[in-house]
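Worksheet for the structure shown next.
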Amino acid sequence: MSNSANDQRVIIQTDIDFFYGQVEELENPALKSQPFGVQQKHIIVTCNYIARAKGVRKLQLLGDALKACPELFIVNGEDLARYRAASKGIFHLVRSLVTGQKVERLGLDELFIDVTDMMEAHLTELGWNGDPDSTTALEEVQTFRIPLNGQSFTYNPYNWIGFKIDSDGDRMSQSSQSQKRLSWQTIKLHAASHLAFYIRNQIKDRLGFTCSAGIATSKIFAKLAADVHKPNDQTLLCPDKYAAFLEPLHIRKIMGIGYKASRTLCKNLGLLKDEHQANEDDALDDVEEAAQEGEAWYLPELTVSYVHQHCTIQQFLKWFGDRQGPLLWDLIHGIDNSQVLPTPLIPSQISIEDSFRLCKTMADATARLHDLSIDFIQRLEVELRVKDEFVKYPTTLRLTTRNRGKNDDGTWRDSKGLRDTRISKSSRMPVDVFDISRSIPERADALVEQSLLPMLRNLVKEPFALTLLNIAAAHLSTKRPATSIQNLFAKGKSIEETSPTTTPPLQQPLKRKRSNEEVDYDDDTGFAPSDYESMVLLGDGDETWDTCSICGKAMFTWGMQAHRLYHEKETRNQE
DNA sequence: TGAATTGTCT
DNA sequence: AGACAAT
């Protein structure tokens, strides 16, 4: 029980219930009464709880899902635009409720909120002297003010809301026990549970989404707590229960321990054949076999307590190295000092990708690149353009491919086996991408011809077997890129030579050990984009609705930007 | 182990 | 540039 300042944090994690599904329900409420799933390619990525009751699972093959539930209604979820817009709306709403606090986005549907400062400011108002171990007796009605929006709620500091896991077990909220004295630490967490409840209600009332939430003193436990009472409820996990809570869990439940680390542990503990003993065919057979068992991939269940009993720190250092070893060791012991990292308003990287069974010709690849490029430039506009100006300019363009390897007999390796080997090339982003006087298809054309095709030729030789293409924009700068004239000059030269610094690269040795990508990469804090912020702060309720000026359809404001693009695409397709 | 992203750490 | 993590 180290009593470091880190243990005094208060972190709320929120997780929107079946996020894609709820976005679909909000646009089409008729969905709510029947089992339905959201499809991407050949899998059901998520489904509502009616479908889950009938055996449909997340990330299930479409065929299996229909087998389990033949009446399953299917919605296509390959266009992420509406989900991104909804996600942004939620993010901006929550930020506005906890102004000054750190809010980190994880994927589209989860948030970590570090409300430590807010809670301690509140305690101070109640008379706290800053000593974490002190106790007090308080009135049963206290007021918590939400800064800057004028709202407040009352709560009982002897009580919590939602579920609580502490030394007395998992209990529902009870009426006040009228204890005489409470530790301030407990009050802090109780109050945080009420704040989490307020936040969840705001998300529901203003945007229409239900979510689950967890409250704890670290990211790991806040997230684990949010998982305990799943749809539409919340759980406070008290520090005195961390150890007991962790023991029975499968290690994969711990954020930060992924497939590879998990497999390394299994192998070293003798729970899995290691690769020396098994030839490739045997390994593949194992995969097939385990996959048929319906198990999550093919690792055996390995619990935290098993690792506790069979591993030493020395082993972790040996298996995972000096950097990762101690981190992983801490994680399985419930120590997580990782900070909530505020997510900037503008992403640091934007990429789009498409996967497919097989692409073996340049002609095919070119066509796919062209389609992707249109979506890509559209994305850049949505994310980086405000009115008539880009507010950030990516300086790097990256093309990534995923190839199938060849077997000894020359056939293409199956999708099972060693997979996801991606290779990529980067180049300078051509400035014409930002030329808003030209149409998007025009710019996409140029991008393919000038940049992407040369890069692709560099990546693969003619008889290839592509299964994925990804286009990324990285290294965002606030500076306008060089004009096209300057760009012509720069063509074929190294990045250092084109950088605006006047330092001559003479003293650089010819053998580059790593091209220091000293591209103009200024890292300002974001920039208030679009209208989410104001939308979320103004009024109560009806201003979150909007009517499309083109088709008259009523919809949430957070969906308008994507909707407008939909009309643009439609008009273009009709030409 | 499916999809589409994004981020961190070598 | 790529491996690995997360959703």
Side-chain angles (χ1 to χ4, degrees), chain A residues 13-16 18-20 37-46 57-65 76-81 83-84 87 104-112 219-220 223 226-227 252-264 287-288 290-291 294-299 320-324 327-328 331 338-339 341 343-344 346-357 372 375-376 379 383 396 398-403 414-427 455 458-459 467-474 476 512-515 517:
Chain A
Q13 201 258 8
T14 60
D15 181 350
I16 307 292
F18 62 108
F19 178 55
Y20 291 1
V38 178
Q39 175 194 192
Q40 277 175 349
K41 292 288 151 69
H42 261 193
I43 61 172
I44 297 296
V45 288
T46 192
R57 295 184 289 122
K58 287 201 232 184
L59 304 181
Q60 192 173 36
L61 290 174
L62 180 59
D64 295 347
N76 185 286
E78 276 160 31
D79 183 357
L80 302 184
Y83 308 145
R84 286 198 195 95
S87 174
E104 174 180 352
R105 247 194 317 166
L106 184 57
L108 290 181
D109 68 328
E110 295 190 14
L111 297 174
F112 289 98
K219 289 169 74 173
I220 294 281
K223 186 166 165 48
D227 237 37
R252 284 297 308 273
K253 292 280 186 191
I254 300 172
M255 195 189 29
I257 300 184
Y259 170 71
K260 289 288 186 182
S262 206
R263 196 190 54 176
T264 300
V287 171
E288 305 266 13
E295 229 57 38
W297 201 216
Y298 63 99
L299 289 182
F320 298 106
D322 281 355
R323 249 94 63 217
Q324 232 206 335
L327 279 224
L328 292 184
L331 278 184
S338 66
Q339 297 294 119
L341 304 168
T343 298
I346 292 192
S348 65
Q349 187 194 311
I350 295 163
S351 75
I352 54 156
E353 66 186 39
D354 190 20
S355 66
F356 27 83
R357 284 310 279 187
L372 260 189
D375 290 351
F376 177 65
R379 270 300 295 295
E383 303 291 338
T396 300
R398 186 177 57 234
L399 177 65
T400 305
T401 61
R402 187 225 271 148
N403 272 309
D414 199 70
S415 54
K416 310 215 181 217
L418 268 315
R419 26 182 311 339
D420 218 40
T421 36
R422 290 151 97 110
I423 52 174
S424 68
K425 289 286 175 195
S426 293
S427 75
M455 291 163 86
N458 207 305
L459 282 166
T467 58
L468 172 143
L469 288 169
N470 174 299
I471 305 174
L476 304 213
R512 58 279 176 249
K513 42 160 170 271
R514 252 181 64 83
S515 64
E517 12 188 349

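So you know, we letter chains A, B, ... as the sequences are listed, proteins then strands, and number each from 1.
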Output the rounded distance in Å from [atom1] ([X]) to [atom2] ([N]).
| X | N | atom1 | atom2 | value |
| --- | --- | --- | --- | --- |
| A/Leu399 | C/dG2 | CG | P | 11 Å |
| A/Arg105 | C/dA5 | CZ | P | 23 Å |
| A/Arg84 | B/dA4 | CZ | P | 11 Å |
| A/Leu106 | B/dT8 | CG | C1' | 13 Å |
| A/His42 | B/dG2 | NE2 | C1' | 11 Å |
| A/Leu108 | C/dA6 | CG | C1' | 12 Å |
| A/Ile257 | B/dT8 | CD1 | C1' | 17 Å |
| A/Phe112 | B/dG7 | CZ | P | 15 Å |

Would you indicate which nucleotide in [options] comes nearest to any side-chain atom of [X]?
| X | options | value |
| --- | --- | --- |
| A/Leu80 | B/dA3, B/dA4, C/dA6 | B/dA4 |
| A/Arg379 | B/dT5, C/dA5, B/dA3 | B/dT5 |
| A/Gln349 | B/dG7, C/dG2, B/dA4 | B/dG7 |
| A/Arg252 | B/dT1, C/dG2, B/dT6 | B/dT1 |

May I ask you to say what [X] touches in the nucleic acid, namely base, sugar-phosphate or nothing, with a heavy-atom cut-off under 4.0 Å?
| X | value |
| --- | --- |
| A/Thr400 | nothing |
| A/Glu110 | sugar-phosphate |
| A/Leu59 | base |
| A/Gly77 | nothing |
| A/Ile352 | sugar-phosphate |
| A/Lys223 | sugar-phosphate |
| A/Ile16 | nothing |
| A/Ile44 | nothing |
| A/Ala472 | nothing |

OP1 or OP2 of [N] versus the side-chain N and O atoms of [X]: is any pair under 4.0 Å?
| X | N | result |
| --- | --- | --- |
| A/Ser424 | C/dG2 | yes |
| A/Arg323 | B/dT10 | yes |
| A/Ser355 | B/dA4 | yes |
| A/Ser348 | B/dT6 | no |
| A/Arg402 | C/dA3 | no |
| A/Lys260 | C/dA3 | no |

Report the residue (A/Leu341 or A/Gln40) whose heavy-atom-nearest nucleotide on DNA chain B is the more 5′ of the two. A/Gln40
Comparing A/Leu61 and A/Leu372 on DNA chain B - which has the more 5′ nearest nucleotide: A/Leu61
Using atom types as modelled and distance alone, determine if a side-chain donor or acceptor of A/Gln60 lies under 3.5 Å from a backbone N or O of A/Arg57. yes
Give a yes or no answer on whether the side chain of A/Ser87 reaches the backbone of A/Tyr83 with a donor-acceptor pair at less than 3.5 Å. no
Distance (rounded to the nearest 0.5 Å) between A/Ile43 CD1 and A/Asp64 CG: 11.5 Å
Would you say A/Lys41 has more than 12 foreign heavy atoms packed within less than 6.0 Å of its NZ? yes
I'd like to know if A/Arg402 pairs up with A/Glu353 as an ion pair, taking the criterion as any Lys NZ or Arg NE/NH1/NH2 lying under 4.0 Å from an Asp or Glu carboxylate oxygen. no
Report the C-alpha distance between A/Ile471 and A/Leu399 in whole Å, list the side-chain angles of each, state the deciding distance to 0.1 Å, and finish with yes or no for side chain to side chain contact (heavy atoms under 4.5 Å, CB included). CA-CA 5 Å; A/Ile471 305 174; A/Leu399 177 65; 4.2 Å; yes
Does the side chain of A/Ile220 reach to within under 4.5 Å of the side chain of A/Ile254, using non-hydrogen atoms? yes
